[in-house]
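Along the sequence shown, the residues carry numbers beginning at 1. Please read all numbers here as calculations on a predicted model, not as lab measurements.
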Amino acid sequence: MPRSLLERFLTAKHAAGCTPNTLYWYRMCLTSYLEWTEGCGLVAQYKEPDTIEMYLAPLRLRKLATPTVSGPFTALAAWFNWLSMRRLV
């Protein structure tokens, strides 16, 4: 189900006028998150704050560049805001 919601989100962003590069970036960031949840057996908990924090925390600990860390956070925030507005979470 999360992947079908991701596709709906990308369609909405396309309709809103996002550029192909932005759509690619959203897809890359959010697919990475969903693959991580699948690998950890957390697909059913993909929308739980604890799951999202477990995904983001290691990025901070690795002392990656700020855009590398803020990118996934920004993409997840946009997706979950969109899901929330549609009462899908």
Side-chain angles (χ1 to χ4, degrees):
M1 176 143 153
R3 289 194 184 261
S4 65
L5 294 174
L6 172 57
E7 293 305 318
R8 288 176 57 189
F9 168 74
L10 294 171
T11 298
K13 287 297 186 182
H14 178 71
C18 284
T19 67
N21 285 342
T22 300
L23 294 171
Y24 172 81
W25 177 79
Y26 276 127
R27 181 180 298 281
M28 182 185 64
C29 289
L30 298 172
T31 298
S32 177
Y33 172 68
L34 293 177
E35 287 173 351
W36 177 84
T37 62
E38 291 165 359
C40 294
L42 296 170
V43 174
Q45 293 87 16
Y46 80 96
K47 58 189 171 185
E48 299 297 326
D50 288 344
T51 302
I52 297 164
E53 291 165 356
M54 285 189 319
Y55 175 72
L56 294 173
L59 299 177
R60 291 258 186 236
L61 294 174
R62 289 172 36 203
K63 299 187 190 290
L64 299 171
T66 300
T68 304
V69 176
S70 65
F73 175 84
T74 301
L76 286 164
W79 188 38
F80 282 104
N81 284 337
W82 179 85
L83 290 168
S84 178
M85 288 185 341
R86 283 156 183 78
R87 297 193 171 123
L88 297 169
V89 291

Q: Please answer: with hydrophobic residues joined when any side-chain heavy atoms are less than 4.5 Å apart, are L88 and F80 in the same cluster?
A: yes
Q: Could you tell me the separation between the CG atom of L30 and the CZ atom of R3, rounded to the nearest 0.5 Å?
A: 10.5 Å
Q.
Just verifying a value: how many Å separate L56 CG and T51 OG1, rounded to the nearest 0.5 Å?
A. 11.0 Å
Q: Kindly work out whether a path of hydrophobic side-chain contacts (I/L/V/M/F/W/Y, heavy atoms less than 4.5 Å apart) joins V89 to M1.
A: yes
Q. Looking only at heavy atoms, what is the nearest atom pair of W82 and L5, with distance?
A. CZ3-O, 3.7 Å
Q) With a 3.5 Å cut-off and no angle check, do the side chains of Y55 and T37 form a donor-acceptor pair? A) no
Q | Distance (rounded to the nearest 0.5 Å) between E53 CD and F73 CZ | A | 10.0 Å
Q: Measure the spacing between CH2 of W25 and OG1 of T19 and express it to the nearest 0.5 Å.
A: 11.0 Å
Q. Atom NZ in K13, atom CH2 in W79: separation rounded to 0.5 Å?
A. 13.5 Å
(Q) With a 4.5 Å cut-off on side-chain heavy-atom distances among I, L, V, M, F, W and Y, is there a chain of contacts connecting V43 to M54? (A) no
Q) For the residue pair C29 and A75, what are the closest heavy atoms and their distance? A) CB-CB, 3.6 Å
Q. Measuring from L10:CG to Y24:OH, what's the distance to the nearest 0.5 Å?
A. 12.5 Å
Q: For residues T31 and L6, report the shortest heavy-atom separation together with the two atoms involved.
A: OG1-CD2, 3.7 Å
